[in-house]
Number of protein chains: 2
Amino acid sequence: MMTTIKDIAQRAGVSYSTVSKALNNSPLVKKETKEKILTLAKELGYEPNYAAQQLVSKQSKVIGLIWPTLERMAPSILVTKINEEISKRGYSMILSINSIDSSLEVFKRSQVDGIILFDEESHKMIDPSPHSIPLVTYGVSTNKTIPVIDVNYQDAMFKAVSYLVTLGHTKISFIGDFSPIDDRQVEKYIGFEKAMEAFNLQTNSYNFINTAGLTWYDGYVATKRLLNTSYQPTAIIGASYDISAGIIRALRESNFIIPKDLSVIGYDNIPQMANLEIPLTSIGVPIEEIAKKIVQTLFELINSLDILTPNIILEPVLNERSSCAQVVSAYQDK
Amino acid sequence: MMTTIKDIAQRAGVSYSTVSKALNNSPLVKKETKEKILTLAKELGYEPNYAAQQLVSKQSKVIGLIWPTLERMAPSILVTKINEEISKRGYSMILSINSIDSSLEVFKRSQVDGIILFDEESHKMIDPSPHSIPLVTYGVSTNKTIPVIDVNYQDAMFKAVSYLVTLGHTKISFIGDFSPIDDRQVEKYIGFEKAMEAFNLQTNSYNFINTAGLTWYDGYVATKRLLNTSYQPTAIIGASYDISAGIIRALRESNFIIPKDLSVIGYDNIPQMANLEIPLTSIGVPIEEIAKKIVQTLFELINSLDILTPNIILEPVLNERSSCAQVVSAYQDK
DNA sequence: TTGAAAGCGATACCAA
DNA sequence: TTGGTATCGCTTTCAA
């Protein structure tokens, strides 16, 4: 059987309330008594019963993260960062990969102090029961009842296009996943479309290349397809890290030199962007910032400093590396 | 404040022990009383306090899985399967991506009933303290104190080579990651070497191609490298799913027809194997079986049916699909 | 069929 | 400095 503070008290010849104090390093206990108790605790292999502690303290010091779609590379870096942020605050993080409902159930059982919800599609139907656990979600803002940390994807695409226009580009193709299941991807697409319009750039089907997937290979294949057409863009925007990697690989295979022959700009600001064959200029909110904001908002909610920040939209920034160049004017004017 | 069984008892005009029984659907409570209590509980938005339940029942019905290296695609399918197995038994699973030590700490806090440890390198230093939580690990057997579920990787490679030999192949190349950090990969390598020896097949450096990585691209590059040599293997063994995907892509790009020109066999038995451009013949322990065995062993430990099964080595099976063919004898004899 | 009461393991307050 | 005791919310005998 587990040893309890009572066992220790008995052996030490003191009351168990004294043991409790000693174990919590209370200044109210004489040094010698404390030492005796601590040694004894170690001897007996004492381990605190967290259920009992939680019962009285009403805190577990753990945060739950719901991540129903485990099989996605991109967020895994975010999850790692969030984990770090949470650790910094003396809390721990546990993950559940079940459906939202059952995850919520487990987390209640585990008595987590707060919940972060990662959802690709729809967190529209979560019922935020009144006395429930503090919860924030990361995703496209749709719900007004729970705080959402979000990225301004449309603005990201606007900034990307704007940057390319500054460099003289007018023939810009967007390669991304247009499937309506992922709101984030759709936002990027819309943002690109709007930006092209805003800059009065003509578009046709060659400007919108649908990868119908988010993997590297999807980007690769889509790029090959684009290259086989008569349209010759001077710049390509890749909608995600993986897709951009595929774009670069396809271009190099076709002997395009980046950025001399073609400029490429990718979405996302994960460190790996710099480790591609060509250091990729990218647009996006730094992953650390997203992690920080999510965790910060959750803790504000836990400490209920204020619940006045329902939706937080993070602004993307441009990260110049070396995959974009000025359009050579000789080509520019016919 | 949260509503408790006492609140319900008061409103219902019964004792709180009756409420407890009703909530647990005890047959000792009259139907009408039960119904009244249940309705009232719903009305008041009653949620059980799990810490209190655990304190008395000494069970949390949750299993913890420690997975320090989140960024690996392959195991993520295994994790999903394990999660399913655990759910079947009425338990839940939570994940921790922290270091082993801190994960152990969180799981004690969360009062999990059992722990599964996924470790790539060394679970040699875990101290299995006497009164601790039941624990099994998935990995290469090294430790005698805690049960390990493992795969016979050497045998897998033996069976792969054996199968190819049956088809008449003698020039077989192994493409895999030789880095010593991952014991699993090393085992495959050794298994291949031993098998070639066992069948008296000559080997040189062209038979062992080091990808120095486990991604698709690593396999792709390694294959290209092999193809540029004078050695013309008739069969290739890919050490992992991702690597095999890269192999296939490289071969197709170089206009090899699989399996007419070259046979390919991959390691791993995840369902995706069939979804590659060419349905890939593969060797490995079905991922479901691994998941089942891990969970089963853990529950035996939890219920301490017997602790007599310290190490379990699963036997790989061959899965014929359509990436291997008989060597045409005309080529065979010089 | 229901109620009273003990106890799970720890914290915290008030007395001594 | 220490000890006694109430309490957290629930399960589980044992009586009624």
Side-chain angles (χ1 to χ4, degrees), chain A residues 1-38 40-42 44-62 105 108-113 131-133, chain B residues 1-38 40-42 44-62 105 108-113 131-133:
Chain A
M1 220 41 248
M2 284 305 242
T3 59
T4 72
I5 52 171
K6 287 188 184 173
D7 301 327
I8 301 178
Q10 204 165 25
R11 300 276 251 99
V14 296
S15 82
Y16 68 83
S17 64
T18 305
V19 174
S20 172
K21 284 170 204 151
L23 256 20
N24 289 301
N25 200 19
S26 156
L28 300 175
V29 183
K30 216 201 314 178
K31 215 172 193 175
E32 306 141 35
T33 333
K34 200 182 284 183
E35 278 165 6
K36 187 167 71 179
I37 292 174
L38 256 23
L40 216 44
K42 187 151 286 178
L44 298 176
Y46 169 77
E47 298 265 9
N49 182 316
Y50 291 106
Q53 284 182 331
Q54 279 172 222
L55 184 55
V56 31
S57 75
K58 295 179 183 332
Q59 278 213 6
S60 66
K61 290 273 188 181
V62 359
E105 182 58 26
K108 272 183 199 158
R109 214 203 310 288
S110 300
Q111 306 268 114
V112 301
D113 292 339
H131 345 275
S132 65
I133 306 170
Chain B
M1 218 44 245
M2 285 304 242
T3 58
T4 71
I5 52 172
K6 288 189 183 170
D7 301 327
I8 301 178
Q10 205 165 26
R11 300 277 249 97
V14 295
S15 81
Y16 67 84
S17 63
T18 306
V19 175
S20 170
K21 285 168 201 151
L23 256 20
N24 288 301
N25 200 21
S26 156
L28 300 175
V29 183
K30 217 201 313 179
K31 214 171 190 172
E32 305 141 37
T33 332
K34 201 182 285 183
E35 278 165 6
K36 187 168 72 182
I37 291 174
L38 256 23
L40 215 44
K42 188 152 284 177
L44 298 176
Y46 169 77
E47 297 265 10
N49 181 315
Y50 291 106
Q53 283 182 329
Q54 279 172 223
L55 184 56
V56 29
S57 75
K58 296 178 183 328
Q59 279 213 4
S60 66
K61 290 274 188 182
V62 1
E105 183 57 27
K108 273 183 198 158
R109 213 202 312 286
S110 299
Q111 305 269 114
V112 300
D113 293 339
H131 346 274
S132 65
I133 306 169

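First the proteins, then the strands, lettered A, B, ... as listed; each starts at 1.
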Discussion item. Taking 4.0 Å as the cut-off, does a side-chain nitrogen or oxygen of Asn49(A) come that near to OP1 or OP2 on dC8(C)?
Written reply: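 For dC8(C), neither OP1 nor OP2 has a side-chain N or O of Asn49(A) closer than 4.0 Å.
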Discussion item. When you measure from the side-chain N and O atoms of Gln53(A) to the phosphate of dG9(C), is any distance below 4.0 Å, counting only OP1 and OP2?
Written reply: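 No, no such contact exists.
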How would you list, by chain and number, every residue that makes a side chain to side chain contact (heavy atoms under 4.5 Å, CB included) with [X], sequence neighbours excluded?
| X | value |
| --- | --- |
| Ser57(B) | Gln59(B) |
| Leu38(B) | Leu23(B), Lys34(B) |
| Tyr16(A) | Ile5(A), Lys6(A), Ala9(A) |

Practice prompt. Return the 5'-most residue of the pair Lys6(A), Ser57(A) with respect to DNA chain C, ranking by each residue's nearest nucleotide.
Written response: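 The answer here is Lys6(A).
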Discussion item. I want to verify a distance call: between dT1(D), dC10(D), dT2(C), whose nearest atom is closest to the Leu28(A) side chain?
Written reply: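 Out of dT1(D), dC10(D), dT2(C), the nucleotide with an atom closest to Leu28(A)'s side chain is dT1(D).
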Worksheet item: Among the nucleotides dT2(C), dA10(C), dC10(D), which one has an atom lying closest to any side-chain atom of Ile5(A)?
Response: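 When the side chain of Ile5(A) is considered, dA10(C) is the closest of dT2(C), dA10(C), dC10(D).
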Discussion item. If you assign each of Thr4(B) and Lys31(A) to its closest nucleotide in DNA chain D, which residue comes earlier from the 5' end?
Written reply: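 The residue whose closest nucleotide sits nearer the 5' end is Lys31(A).
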If I take atom [atom1] in residue [X] and atom [atom2] in nucleotide [N], what distance separates them, rounded to the nearest angstrom?
| X | N | atom1 | atom2 | value |
| --- | --- | --- | --- | --- |
| Tyr46(A) | dG9(C) | OH | P | 10 Å |
| Lys108(A) | dG9(D) | NZ | C1' | 17 Å |
| Leu55(B) | dG9(D) | CG | P | 12 Å |
| Gln54(A) | dC10(D) | CD | P | 14 Å |
| Gln59(A) | dA12(C) | CD | C1' | 16 Å |
| Lys58(A) | dG9(D) | NZ | C1' | 8 Å |
| Asp7(A) | dG9(C) | CG | C1' | 10 Å |
| Lys34(B) | dG3(C) | NZ | P | 15 Å |

Residues in side chain to side chain donor-acceptor pair (under 3.5 Å) contact with [X], at least two apart in sequence or another chain:
| X | value |
| --- | --- |
| Lys36(A) | none |
| Gln10(B) | none |
| Asn49(A) | none |
| Thr33(A) | none |

Worksheet item: What's the spacing between Arg109(B) CZ and Lys61(A) NZ if we round to 0.5 Å?
Response: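 Here the interatomic distance stands at 8.5 Å.
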Fill in: Reported OG-to-CD distance for the pair Ser110(B) and Gln54(A), which is rounded to 0.5 angstrom
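Atom-to-atom, Ser110(B):OG and Gln54(A):CD are 7.0 Å apart.
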Discussion item. Base, sugar-phosphate or nothing for Tyr50(B)? Non-hydrogen atoms, less than 4.0 Å.
Written reply: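 Counting heavy atoms under 4.0 Å across all strands, no contact is made by Tyr50(B).
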Practice prompt. May I ask you to say what Val56(B) touches in the nucleic acid, namely base, sugar-phosphate or nothing, with a heavy-atom cut-off under 4.0 Å?
Written response: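 Base, at least one base heavy atom under 4.0 Å.
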Worksheet item: Which of residues 15-22 of chain B have a heavy atom under 4.0 Å from DNA chain D?
Response: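 The answer is Tyr16(B), Ser17(B), Ser20(B), Lys21(B).
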Discussion item. Do Thr3(B) and Ile8(B) have side chains that approach each other closer than 4.5 Å (heavy atoms only, starting at C-beta)?
Written reply: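 SC-SC contact between Thr3(B) and Ile8(B) ruled out.
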Worksheet item: So what is the end-to-end bend of the helix from dT1(C)-dA16(D) to dA16(C)-dT1(D), with 5 pairs used at each end and the value given to 10 degrees?
Response: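 Rounded value for the end-axis angle: 40°.
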